[in-house]
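In what follows, a structure is listed as structure tokens, so that the remarks can point back to it.
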Number of protein chains: 2
Amino acid sequence: MNKRIRLKDVAEKAGVAVNTASTILNRRPNSWASKDTEARVFQAAKELGYRPSKTARALRSGRYHTIGLLIQDLTNPFFSTLADELESAVEERGYDLLVENCRSSLVREKHLFADLDDLEVDGSVLWLSDNEVFRKELAEMAEGRHPVVVLGNGIPEKAYPVDAVFSDFTQGLSDAVDALCSLGHKRFAFVSALAEGQADGNRPRLFQEMLAARGVPAANIDVLRTGHTVESACETFAAFLRQRPDERPTALLAMNDLSAIGAMRAAIEAGLSIPADLSVVGVDDVPLSSYLPITLSSIRQRYKKITRAAANLLISRIEAAEGLSLPPRQEVFATVYTPRESVGPTKG
Amino acid sequence: MNKRIRLKDVAEKAGVAVNTASTILNRRPNSWASKDTEARVFQAAKELGYRPSKTARALRSGRYHTIGLLIQDLTNPFFSTLADELESAVEERGYDLLVENCRSSLVREKHLFADLDDLEVDGSVLWLSDNEVFRKELAEMAEGRHPVVVLGNGIPEKAYPVDAVFSDFTQGLSDAVDALCSLGHKRFAFVSALAEGQADGNRPRLFQEMLAARGVPAANIDVLRTGHTVESACETFAAFLRQRPDERPTALLAMNDLSAIGAMRAAIEAGLSIPADLSVVGVDDVPLSSYLPITLSSIRQRYKKITRAAANLLISRIEAAEGLSLPPRQEVFATVYTPRESVGPTKG
DNA sequence: CTGTTAGCGCATTCAA
DNA sequence: TTGAATGCGCTAACAG
């Protein structure tokens, strides 16, 4: 029944004009209204329970006080943690977070990306399936008035035309490889978790090069392509184990914790014990990893740092004076290898 | 610098008036515009790359084509799965989903709840920490024009004044208890995962009654209160195990999978083996549960059914003729006990 | 079948 | 210092 309270109602109750109320309630600096009127306006607003209409404000001002986050799969703890942290980060700066969930579909990703500047947000943070694929579109966005920052693993060879925050994969990976090699591992599997139709990127190569530098020939490395769900990693690795009863790898590195967990499960079901028969390392260091029945070694991403950096880059750009066009910036955070129970020496 | 394309631009290009363009683009039924004009309008819209402003549309129509979802903790796979499924469900009906994350804070929950009808949504789905606490406010919402459906575990003794979808806990719980008892378990622990300051509700009592019916005295049941994170469940149960080196429970039931995983971890670190020394049952059946190194027995909630039912109830109410006021409806879905590796016979 | 008009609630010129 | 207009982009009455 109670109709919506408008600014007009507040103004009337306080005995002032709407714009006066507006200026006061928004604490605009150039208001030299008397202390008394200010008090009256605030009082009226409070008594009436006035809530400004975000929609009207947005329509008028073109500002939404909201930032978007595009992620691949909300169901993946990595992304939900990322969303959670980013929400905290932007909220401190007075922004809401709007999550755009690709649900592991590349075509959905295309659509969401295309609709990005149609979104009611002031800017967006993007964790794309593959930044390279969108390089051209990103360049176009940089021209437009929709600020964007891309996130990702690994530093691109050529810098992107937009703000970016990356995890530097090499440090953590290198430490993991060192650890595995010094534990005597000689045969490796690499599980790259990818969406359907997605390219491998340079990760497998990076892994191979690191192992090569430690004397492990490419022939001793099996590269498995799986989807990025637990299920698919489990199935893929199970199939692999079946068709390879001997000459099996003794160490496995998966591109994310979910895949690592899936592969671990497949190994267990195949009768292998972890880490005695197979050492497993994941990537992301999802909160759950350290609480699994067999705790999972992982290459940790710095969630807090990444999200805070992204929030800062994006919001600074949003709030920068209109004309001012900042050059693209890039920040990089190291990853850290975190050994846990899932890694141990080879039996042999 | 490409300015925003407005409806007016499309209309001009097509040589019609704005409202004509509006009626045509929105495929309103009462438009008897000539096929030819229609084609011209669509063509113009396409060529110009017209994207209607949701903000303006919302301001004008009071409809947002968005529904809100209030959850306790996005980081908890149960809630992220719920969000994911609900998003699918409402999208099929042409709505977006806006996630409101309490981040495990009851005060934040209060705020989000209070701001609910300030939100730019047509209605909301609520998974509250405790429906009873909000009973009064829910009744008020039912009066207002913000449709709401509450979700939850367990059927309330007194029906709520709003639409509701519940998981019926008793079936699954009863089956779990049966299974545990027939495996010879005599001493039990109950881990109720709660936010700080949250009441236990009737769950512990329900559990005790079920066990009593099977001849297990209350003295054989330890009720542990923990937070709802893995960490807190792990710590709480670890502390419990330390102070109770003997007379330990041989079976544990946790109010959600995350707590079950935390407790499981604590048991393992205390040197117990699962299920030989301790059987563990969770609630929710989070997707990950069946892929853990020791797969977790769980009382499954029917995510798909729950979210679809919620979407139907809410959207039907939203789209119901203005005047028509539907009575509160309630739907209930059974839970199903899903035994896995974490449950086995007692050693003794 | 099409065009004109009047707001949705707010912020922001301008006068006063 | 404050009040009266203007319009953000769109939809929905109307009247043509």
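Values below: all heavy atoms of this structure, side chains included; hydrogens, waters and symmetry mates excluded. Throughout, a chain's letter reflects where its sequence line sits, starting with A, and its residues are numbered from 1. None of these values were measured; they are calculated from a predicted model.
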Atom [atom1] of [X] to atom [atom2] of [N]: distance rounded to whole Å?
{"X": "R63(A)", "N": "dC10(C)", "atom1": "CZ", "atom2": "P", "answer": "18 Å"}
{"X": "D36(A)", "N": "dT1(D)", "atom1": "CG", "atom2": "P", "answer": "13 Å"}
{"X": "K8(A)", "N": "dG7(C)", "atom1": "NZ", "atom2": "P", "answer": "10 Å"}
{"X": "K54(A)", "N": "dC8(C)", "atom1": "NZ", "atom2": "C1'", "answer": "18 Å"}
{"X": "R6(B)", "N": "dG7(D)", "atom1": "CZ", "atom2": "P", "answer": "12 Å"}
{"X": "Y64(A)", "N": "dC8(D)", "atom1": "OH", "atom2": "C1'", "answer": "10 Å"}
{"X": "E120(B)", "N": "dC10(C)", "atom1": "CD", "atom2": "C1'", "answer": "13 Å"}
{"X": "I24(B)", "N": "dT2(C)", "atom1": "CD1", "atom2": "C1'", "answer": "10 Å"}

Does OP1 or OP2 of [N] have a side-chain N or O of [X] closer than 4.0 Å?
{"X": "S22(B)", "N": "dC10(D)", "value": "no"}
{"X": "T20(A)", "N": "dT2(D)", "value": "no"}
{"X": "Y50(A)", "N": "dC10(C)", "value": "yes"}
{"X": "R57(B)", "N": "dT11(D)", "value": "yes"}

If you check every side-chain atom of [X], which of [options] has the closest atom?
{"X": "L59(B)", "options": "dT4(C), dT13(C), dC8(C)", "value": "dC8(C)"}
{"X": "L7(B)", "options": "dA11(C), dT13(C), dT11(D)", "value": "dT11(D)"}
{"X": "R60(A)", "options": "dC10(D), dC8(D), dT4(C)", "value": "dC8(D)"}
{"X": "A17(B)", "options": "dG3(C), dG3(D), dC10(C)", "value": "dG3(C)"}

On the 0 to 90° scale, with breaks at 30° and 60°, tag the W127(A)-F78(A) ring pair as parallel, tilted or perpendicular. perpendicular
Quiz item: cation-pi between K110(B) and F134(B), 6.0 Å / 45°: yes
Is it possible for you to check whether R135(B) lies under 6.0 Å from the centre of the six-membered ring of Y160(B), through NZ or CZ, and within 45° of that ring's axis? yes
Would you mind classifying the nucleic acid contact of [X] as base, sugar-phosphate or nothing, using non-hydrogen atoms under 4.0 angstrom?
{"X": "V16(A)", "answer": "sugar-phosphate"}
{"X": "T37(B)", "answer": "sugar-phosphate"}
{"X": "S53(A)", "answer": "sugar-phosphate"}

Is the backbone N or O of [Y] less than 3.5 Å from a side-chain atom of [X], with the two atoms forming a donor-acceptor pair by type?
{"X": "R6(A)", "Y": "Y50(A)", "answer": "no"}
{"X": "D122(B)", "Y": "R63(B)", "answer": "no"}
{"X": "E120(A)", "Y": "T55(B)", "answer": "yes"}

When G15(B) and S61(B) are each assigned the nearest nucleotide of DNA chain C, the 5'-most assignment goes to G15(B)
Does the base of dT4(C) carry an N or O that pairs as donor and acceptor with the side chain of N19(B) under 3.5 Å? yes
